[in-house]
Structures are given as C-alpha cells and as structure tokens.
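Reviewing the structure listed below.
Below, read A as the first sequence line, B as the second, and so on, with proteins coming before strands; counting in each chain starts at 1.
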Amino acid sequence: MPELPEVEVVRRGLERWVAGRTVASAEVLHPRAARRHAEGGDALAARLTGRTLEAASRRGKYLWLPLDGRGSALVAHLGMSGQLLVQDAATPDETHLRARFRFADGGRELRFVDQRTFGGLDLDELVPDDADGRVPATVAHIARDPLDPLFDAAAFVRRLRARRTGLKRALLDQTLVSGIGNIYADESLWRARLHGAQPTDELAPARVRELLGHVRDVMAEALGQGGTSFDALYVNVNGESGYFDVSLAAYGQADRPCPRCGRPIVREPFMNRSSFRCPRCQRTPRRPHP
DNA sequence: GATCGGCCCTGCCCGC
DNA sequence: TGCGGGCAGGGCCGAT
C-alpha cells in the first residue's frame, strides 16, 4: 500500500541504481502489468530495448524514468502491492514477477513484482507541465504533492474550499493534491482533529492550512524513517510490512485507545473501505457530507 | 463540469 | 480440516 513517502523511497533507489543504464532486454510477463500501454506488453518491451533510462522522477504516487532523448518515459505505478527490485540475475524469480529489465552493463536487473496487479508500467510521451518541466501525458492530470517545492498551498486551500464534498474524499482526490492515500488521510485528519465527512466548503481557510501542515508532517516523518533503512543495493517497497516505523495513531487502530484522549478509535465504512477516527477528538460535523 | 459508485485483483484471515 | 466470504485499496470509467 505505498503512498507518497514509500514511492519517494523507491524513486531514490531507482535514481541511485538504475538511472544512466541502458536496457539490453525487457520482458513483460503478465498482461495486466502493461494494460495501460495500448500496444501491449511485448511492444512495450521492444520499445525499451536499447534505450537508456536517464533519471527517476515522481509526482504523487507515479514514478517515471525519462528515456534518452527525453521525449518519452517509462512510467510506473505500484498500485497496492507493487515493488521495483534491483536483483542479482541469479536470484530466483519472485512468485509475482510481472516484468524484468536486463541492462547492457551486465549488472543487476530491475524487476517489477506485483501480487495484486493494481500496479502497472507504461511508455508515454512527455508533455510540458504547469511550470517549466515535463511530465508523462498520463500523469499530467495529477496534482503536485505537498512535498513538491512548486506545490501551491494557497491554490490548494482555494480549490478544496470550492469543492462540495467531504474532506477525506477531497484529500484522496489526486487531481486536487496527490500522494495521499487512506492511511495518511486518516492520520492527518486525526492530527488536525477533523472528521472526514466535514463539508469542504464549510472549512475555514486557516483550518485547511493547518490540515495541510499535518499532511506534510506525517509524510516527512515517514519519509525520514523510511529513508534510513534504504542503504542496500536494493529498491524495495514491501506492501505487507511497509510503513516503516511510522507510529499510526488512528489508521488500523480500531478499539485501541486514542493516543490523545484514550477513547477507543472507531472503524467506519467509507467508499468500500475503512476509515479510522477518534470519536471524541474528531466529532461528527453538524451537517456531515454523506 | 463536478461528483460518485463500481470494478479490477489476489492472498490472508476469520467464522462456521 | 476445509471452505466461503470479507477485506485490503488506487485509479479509471461510466452514470448522474
């Protein structure tokens, strides 16, 4: 369940171990891994062969590796259970190995492993972004994330308050702000003492800015802890045991005491999944958004 | 145009 | 013991 901090750790690993290397051969081993690529997995692999992966970029939970010439990029999304691993060729194939890239330098190979196949790879053209950079066309609709130096906090506050929806729905909307998933949404709302059903258009701007500060804090803490363990010749996001040592106050803590007030955390259905909150610290708003 | 719900997928875990 | 069902959930797409 990688969210922004976990994806950033992977990006750093790709930058260190993969950037600058030339693809000698590529294999896509499962059709769903390349389902976003209109021409299919074999064509994706063929188009990558002989190309150099120049760098590793990220926006929200999307990763991409610009190819030599910089006109296009290999795009990756880890979904819920995706991993990008830099492995010795002698390492046995993982059970859920979906794609493999071998390099011309004969060094370790890059593997895309994904149990639940929500993740995927694509090869896409780069288009100008909202500043002076370039992003893959499939990523162009994704908002900047709160750790991005060009993230526009004032615009975020304005756009969020213009929505007519619930606060947690807005936080999860990657076209409004990217990188926030269910876990960091719940943790940020808990820190801000806000209910996920709080109507966005009834929130004071100062409260939105305060919430944004908590989003940044919880992500920065997770990134700080995740980054320290990342020193091996190995790029890893573990969907099962991930989330490093970030101590979760609300998410997944049903029936455990709220670290702030001691009242048991409650679990509630939300968009076919779950939300966790403290019923005392995060009171239901007078007019909750359904 | 904005918002919302359904769907994709597999492994684990729980209850019967 | 075995099996069925619930659950995890990001993003796309169609419906409203």
Side-chain angles (χ1 to χ4, degrees), chain A residues 1-8 10-11 28-38 41 58-64 75-84 94-99 112-122 124 135-145 156 158-189 196-202 215 219 237-243 248 250-255 265-276 287-290:
Chain A
M1 299 172 264
E3 297 184 26
L4 187 151
E6 293 75 26
V7 179
E8 173 59 18
V10 173
R11 189 202 66 77
V28 176
L29 304 164
H30 193 288
R32 275 187 60 81
R35 66 190 181 284
R36 302 286 172 216
H37 191 68
R58 181 188 58 74
R59 177 168 295 183
K61 304 171 200 169
Y62 279 91
L63 291 163
W64 68 93
V75 182
H77 195 292
L78 301 176
M80 278 185 57
S81 55
Q83 296 171 278
L84 284 164
E94 291 77 7
T95 305
H96 302 293
L97 180 65
R98 308 305 190 197
F112 177 61
V113 177
D114 188 14
Q115 178 204 107
R116 291 181 230 183
T117 72
F118 274 52
L121 305 173
D122 193 7
D124 199 14
V135 293
T138 47
V139 183
H141 68 292
I142 300 293
R144 290 182 185 274
D145 61 67
F156 167 73
R158 188 172 61 247
R159 292 184 62 211
L160 182 135
R161 296 181 68 247
R163 295 288 176 99
R164 300 181 62 82
T165 188
L167 184 53
K168 183 168 173 180
R169 280 180 181 277
L171 288 180
L172 295 176
D173 182 346
Q174 306 294 302
T175 67
L176 180 63
V177 54
S178 70
I180 305 175
N182 205 33
I183 295 173
Y184 291 115
D186 277 3
E187 289 302 302
S188 304
L189 290 167
Q198 167 70 44
T200 48
D201 55 354
E202 295 175 9
V215 170
M219 285 183 168
V237 161
N238 186 328
E240 305 305 320
S241 64
Y243 292 94
L248 299 173
Y251 182 84
Q253 307 300 306
D255 302 327
I265 298 290
V266 296
R267 172 184 174 277
E268 295 165 326
F270 172 77
M271 292 174 76
N272 287 326
R273 56 201 69 171
S274 295
S275 282
F276 298 88
R287 286 181 291 162
H289 190 277

Can you find a side chain N or O atom of A:Arg32 that sits less than 4.0 Å from OP1 or OP2 on B:dC9?
-> yes

Using a heavy-atom distance cut-off of less than 4.0 Å, which residues of residues 166-175 of chain A contact DNA chain C?
-> A:Gln174

For A:Ser81 and B:dC9, is the shortest distance between a side-chain N/O and OP1 or OP2 below 4.0 Å?
-> no

Give a yes or no answer on whether the side chain of A:Asn182 reaches the backbone of A:Ser274 with a donor-acceptor pair at less than 3.5 Å.
-> yes

Between A:Asp122 and A:His37: side-chain donor-acceptor atoms closer than 3.5 Å = yes

According to a strict under-4.0 Å criterion, is A:His96 in side-chain N/O contact with OP1 or OP2 of B:dT10?
-> no

Estimate the overall bend of the helix from B:dA2-C:dT16 to B:dC16-C:dG2 from the end axes over five pairs each, rounded to 10 degrees.
-> 50°

Interatomic distance, A:Leu176 CG vs B:dC4 C1' [rounded to whole Å] | 16 Å

SB check A:Lys61 A:Asp145 (cutoff 4.0 Å) = no

If every non-hydrogen atom of A:Ser178 is compared with every non-hydrogen atom of A:Gly60, which pair is closest and at what distance?
-> OG-CA, 3.2 Å

Counting only distance, no hydrogens or angles, is the base of B:dA2 paired donor-acceptor with the side chain of A:Arg163 under 3.5 Å?
-> no

What does A:Tyr62 touch in the nucleic acid at a heavy-atom separation under 4.0 angstrom: a base, only the sugar-phosphate, or nothing?
-> sugar-phosphate

Rounded to the nearest angstrom, tell me the gap between atom CD in A:Glu3 and atom P in C:dG11.
-> 9 Å

If you find the nucleotide of DNA chain B closest to A:Met271 and the one closest to A:Thr95, which residue's nucleotide is nearer the 5' end?
-> A:Met271

Electrostatic pair A:Arg163-A:Asp173, nearest N-O below 4.0 angstrom | yes

Look at all strands and tell whether A:Arg159 reaches a base, only sugar-phosphate, or nothing, counting heavy atoms closer than 4.0 Å.
-> nothing

With distance as the sole criterion, do the side chain of A:Arg273 and the base of C:dG10 form a donor-acceptor contact below 3.5 Å?
-> yes

Candidate list A:Val28, A:Leu121, A:Leu97, A:Leu29, test side chain to side chain contact (heavy atoms under 4.5 Å, CB included), partner A:Phe112, passing option = A:Leu121

Over how many whole Å does the gap from A:Ile142 atom CD1 to C:dC12 atom P extend?
-> 6 Å

Using modelled atom types only, decide if a donor and an acceptor are shared between the side chain of A:Arg11 and the backbone of A:Arg58 within a distance under 3.5 Å.
-> no

Any A:His77 side-chain nitrogen or oxygen under 4.0 Å from OP1 or OP2 of C:dC12 = no

Rounded to whole Å, CD of A:Gln83 lies from P of B:dG11 at a distance of 13 Å

Across the strands shown, which category fits A:His141 at heavy-atom distances under 4.0 angstrom: base, sugar-phosphate, nothing?
-> sugar-phosphate

Return the value, rounded to whole Å, for the distance between atom CG of A:Leu160 and atom P of B:dT3.
-> 10 Å

Under-4.0 Å side-chain N/O to phosphate OP1/OP2 contact, A:Thr165 with B:dA2 | no

For A:Asp114 and B:dC8, what is the distance between atoms CG and P respectively, to the nearest whole Å?
-> 17 Å

Gap between atoms CG and P, on A:Leu78 and B:dT10 respectively (whole Å) = 18 Å

Ignoring hydrogens and angles, tell me if any N or O in the side chain of A:Gln174 forms a donor-acceptor pair with the backbone of A:Ile180 under 3.5 Å.
-> yes

Choosing from B:dT10, C:dC12, C:dG10, which nucleotide comes nearest the side chain of A:Arg116?
-> B:dT10

Using a cut-off of strictly less than 4.0 Å, decide whether A:Arg35 has a side-chain nitrogen or oxygen near OP1 or OP2 of B:dC9.
-> no

Ignoring hydrogens and angles, tell me if any N or O in the side chain of A:Asp186 forms a donor-acceptor pair with the backbone of A:Ala250 under 3.5 Å.
-> no

Tell me: CG of A:Asn272 to P of C:dG5, nearest whole Å?
-> 18 Å

Can you name the closest pair of heavy atoms from A:Gln83 and A:Leu78 and give their distance?
-> N-CD2, 4.2 Å

Sub-3.5 Å donor-acceptor pair from the side chain of A:Ser275 to the main-chain atoms of A:Glu268, do we have one?
-> no

